[in-house]
Amino acid sequence: MGGHILEQNLTREASDAALLSARGLNKYYGGLRALRDVDLDIVRGEIIALVGDNGAGKSTLIKTLSGAIVPDGGDIVFDGSSVSFHKPTDAQDVGIETVHQSLGLVDELDVPQNVFLGRELTRKVLGAITVLDKATMRQRTHDLLQNFSIGLPTLNEPVRRLSGGQRQTIAISRLLLAEPQLLIMDEPMAALGVDEGSKVLALVERLREQGITTLIISHNLEHVFSIADRIAVMKNGAMIGVVKTSDVTREDIVSMITIGQA
Amino acid sequence: MISTVKTGAPDKSIGQSDKKFRFDSLGLTLAFLALIVMFSLINPRFASYGNLLNVLTQTSTYVIVAMGMTLVITKGGIDLSVGSLMALVTCVAFGLIESGVHYVPALIIMFLLAMTLGALNGAIITFLAVPALIATLGTMVAFRGVALLHSAGKLYFGLPPEVVWLGQGAILGVPVPIYIAAIFILVTHWLFNLSRFGVHVRAVGGNREAARLAGIPVTRIEVAVYTYMGIAVALGGLIWMARIDGTQATLGTAMEIHIIAATIIGGTSLFGGRGSLYGTLIGALLLTMLNNALVIAGVEFFWQLVVVGVIVIAAVTINNIRENRIDWINQLRGRRAANRSKPG
Ligand SMILES: Nc1ncnc2c1ncn2[C@@H]1O[C@H](COP(=O)(O)OP(=O)(O)O)[C@@H](O)[C@H]1O
Ligand SMILES: [Mg+2]
């Protein structure tokens with residue numbers, strides 16, 4: 001991949017290398033305009049960070065990209081074809097998996113049930129009766145978590161009893177099951193200790209080596225500068241700019257976030 | 001530090017069930033056994049094989065309806081209309097049979113009607129966003145009204161012998177209702193504990209938004225759960241009307257409180273997401289035994305209602321204490337813990 005695709009200002013036409021191109025996204029919550037004509041290109045294979053103050057519209061933007069909400073206007077092109085997502089499974093079907101800020105875990109279910117939620121494995125018994133394949137799901141959950149190097153004391157606990165970091169781990173492992181093209185994470189490190197946070201960072205980098213593109217929202221500029229190829233900055237619902245990480249300093253990003261100028 | 005999932009050696013945790021859950025159902029089972037021993041000591045005839053079958057037969061309708069209620073409550077709902085729905089569909093079935101319709105199509109219509117009205121409950125709740133308590137309070141009154149209109153105060157009796165057999169017959173000395181209840185429990189067990197549907201019911205009850213984001217068809221699950229409740233009501237009603245070979249529009253009055261009591265005693269959480277069919281079975285048996293004992297002791301029916309009402313409130317309270325849901329108790333506990341950790 002040439003460096004030319006990581007240009008500071010992408011043109012309004014979707015680049016060929018873009019895995020996802022969003023144009024003119026808008027979202028209103030009553031009178032509040034949470035997204036203002038937002039454009040975003042996500043380049044195949046990159047890690048792109050999305051930063052901005054609380055209430056800037058970051059979560060709203062990624063919800064439109066993951067089908068959790070339907071935008072009030074705008075177009076999305078994914079992998080060369082025009083898409084419109086009306087529900088989360090529409091986005092999952094094309095290969096976009098998302099960890100939302102709320103994690104999307106069911107407290108009363110155990111670890112494998114949460115990891116496989118909505119795509120449970122089944123098997124046949126007596127040739128006719130379909131039942132959950134609990135053993136395989138537990139084994140695959142076990143294998144996934146092992147990759148992660150963040151441990152859990154047991155898989156059989158309702159996740160209600162687990163720590164923030166353990167819950168985050170489960171929420172992320174969920175996504176890897178589907179072998180997504182684009183992984184979207186909303187503040188995945190927010191609930192984690194330093195140790196667990198760096199493990200998640202290492203995992204995201206490992207996923208890039210496997211060809212998975214990642215859009216990650218983070219408040220932690222140290223994390224952002226250590227893993228992101230590019231940084232997208234939002235303020236008051238608008239996209240202020242997208243810059244190459246190697247072209248800017250932290251001070252530049254801080255002023256983009258606060259003053260709203262590139 | 002969090003310990004890591006063990007690697008290499010076979011994982012002992014695989015296939016092992018939740019310890020807390022096992023403890024909960026153990027506590028309930030012990031209470032159940034203690035009650036049996038107590039009743040047997042008071043009245044030696046209680047523990048006889050004949051009386052045991054009798055208790056099981058009496059419980060069969062309640063157990064079947066309570067199986068449906070376990071799904072409904074785990075989904076985060078409630079259904080107050082079960083007793084009225086049972087009255088309505090049994091009256092309709094009787095009316096058809098009386099007017100000369102063969103019992104097979106009459107019973108099929110009875111089941112389809114119960115499923116449709118169950119689905120109606122689900123649709124009101126999921127599509128009109130009416131809270132389950134209010135929606136089924138409304139249909140509880142409405143179904144009863146239709147049953148009264150339909151039967152015009154009539155007492156129905158005289159079913160064909162084939163239908164009566166379902167309530168009064170026996171196979172190998174064991175009453176037929178017990179077989180029917182056992183089969184229904186097995187089917188519900190498959191649905192609730194072994195199929196994807198069961199996980200989705202818990203997910204919708206535990207965290208509706210998470211279920212939606214995971215691609216679970218939340219509204220379809222909601223309607224399906226109430227439709228299954230309808231099937232349970234029709235089956236329970238079939239056994240009931242066959243056992244007494246009759247029905248009337250006032251059948252099943254206050255049934256909902258018994259059904260909800262059995263379910264909650266069994267550990268199913270009113271807050272949704274967690275339910276136990278085994279607990280519900282034990283809960284239903286406990287209630288029948290208690291009612292039996294009260295009858296034998298000559299306690300008036302109205303006092304039985306008082307006892308069941310108190311049990312429901314007590315069961316929910318015990319659950320709340322276990323799940324730390326009561327603020328002032330939490331504060332007391334916190335203060336006591338703080339005192340204990342004070343030096344000197
Ligand atoms: N469901 C909602 N209803 C109404 N307003 C909302 C809703 N979700 C978000 N908002 C508002 O939209 C704006 C953007 O929110 P959000 O996308 O969550 O910001 P961020 O993730 O950048 O902190 C905020 O002002 C927020 O209050
Ligand atoms: Mg946010």
Side-chain angles (χ1 to χ4, degrees), chain A residues 63 66-68 87-93 98 100 102-114 116-122 125 129-132 134-135 138-139 141-143 145-146 148-158 160-163 165-166 169 171 174 193 195-196, chain B residues 1-22 74-76 186-187 189-219 221 267-269 271-276 323-324:
Chain A
K63 281 180 185 167
S66 64
K87 53 183 189 301
T89 41
D90 294 343
Q92 288 169 3
D93 288 345
T98 310
H100 292 281
S102 59
L103 295 189
L105 299 180
V106 180
D107 280 350
E108 301 293 348
L109 297 182
D110 67 16
V111 180
Q113 284 173 331
N114 268 291
F116 281 88
L117 191 63
R119 38 191 156 211
E120 296 82 5
L121 305 178
T122 55
V125 293
I129 305 167
T130 308
V131 298
L132 290 168
K134 292 182 183 176
R138 181 160 286 143
Q139 189 59 54
T141 302
H142 178 269
D143 296 346
L145 291 172
Q146 218 169 304
F148 234 110
S149 75
I150 291 179
L152 295 170
T154 166
L155 301 182
N156 299 318
E157 292 280 303
R160 168 166 43 94
R161 305 207 190 103
L162 301 180
S163 75
Q166 291 170 324
T169 307
R174 259 178 70 69
D195 192 41
E196 287 176 324
Chain B
M1 257 306 36
I2 301 147
S3 65
T4 326
V5 172
K6 284 182 200 71
T7 59
D11 185 347
K12 288 248 173 56
S13 71
I14 290 173
Q16 172 193 320
S17 69
D18 188 325
K19 284 205 188 75
K20 175 94 185 303
F21 167 77
R22 264 169 33 195
T74 303
K75 196 233 40 113
L186 282 180
V187 171
H189 169 64
W190 167 73
L191 207 57
F192 189 61
N193 294 321
L194 302 178
S195 80
R196 298 184 71 196
F197 179 74
V199 181
H200 294 178
V201 169
R202 287 163 217 259
V204 173
N207 187 343
R208 206 171 191 276
E209 178 63 7
R212 188 184 77 85
L213 289 173
I216 293 170
V218 173
T219 55
I221 298 285
T268 296
S269 169
F271 298 91
R274 187 159 49 82
S276 161
E323 292 172 8
N324 306 325

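The sequence lines fix the lettering, A, B, ..., with proteins before strands; numbering per chain opens at 1.
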Practice item. Say whether B/E209 and A/H100, considering side chains only, have a donor N or O and an acceptor N or O under 3.5 Å apart. Key: no

Review point. Judged by atom type as modelled, is there a donor-acceptor pair below 3.5 Å linking the side chain of B/R196 to the main-chain atoms of A/V131?
Key: no

Point to revise | Test item: B/R202 side-chain N/O and A/V106 main-chain N/O as donor-acceptor pair under 3.5 Å | key: no

Exercise for review: Name the member of A/T130, A/T141, A/V125 that forms the most heavy-atom pairs with chain B at distances under 4.5 Å.
Suggested key: A/T130

Exercise for review: With a 4.5 angstrom heavy-atom cut-off, could you sort out which part of A/L105 is near chain B: side chain, backbone, both or neither?
Suggested key: backbone

**Study point:** Considering all heavy atoms, the nearest A/P88-B/R212 contact
**Key:** CG-O, 3.7 Å

**Study point:** Interface moiety of A/K87 toward chain B, non-hydrogen atoms closer than 4.5 Å
**Key:** neither

Point to revise | Chi angles and distances behind the side chain to side chain contact (heavy atoms under 4.5 Å, CB included) call for A/L132, B/L194 | key: CA-CA 5 Å; A/L132 290 168; B/L194 302 178; 5.7 Å; no

Review point. What part of B/R208 is in contact with chain A, defined as an atom under 4.5 angstrom from a non-hydrogen atom: side chain, backbone, both or neither?
Key: neither

**Study point:** Which portion of B/L213 sits near chain A, non-hydrogen atoms under 4.5 angstrom
**Key:** both

Review point. Hey, what do you get for CG (B/N207) to CZ (A/R160), rounding to the nearest 0.5 Å?
Key: 13.0 Å

Review point. If you take all heavy atoms of A/L117 and B/A203, which pair is closest and at what distance?
Key: CD1-CB, 3.7 Å

Exercise for review: Kindly compute the distance separating CZ (B/F271) from CD (A/E108), expressed to the nearest 0.5 Å.
Suggested key: 11.0 Å

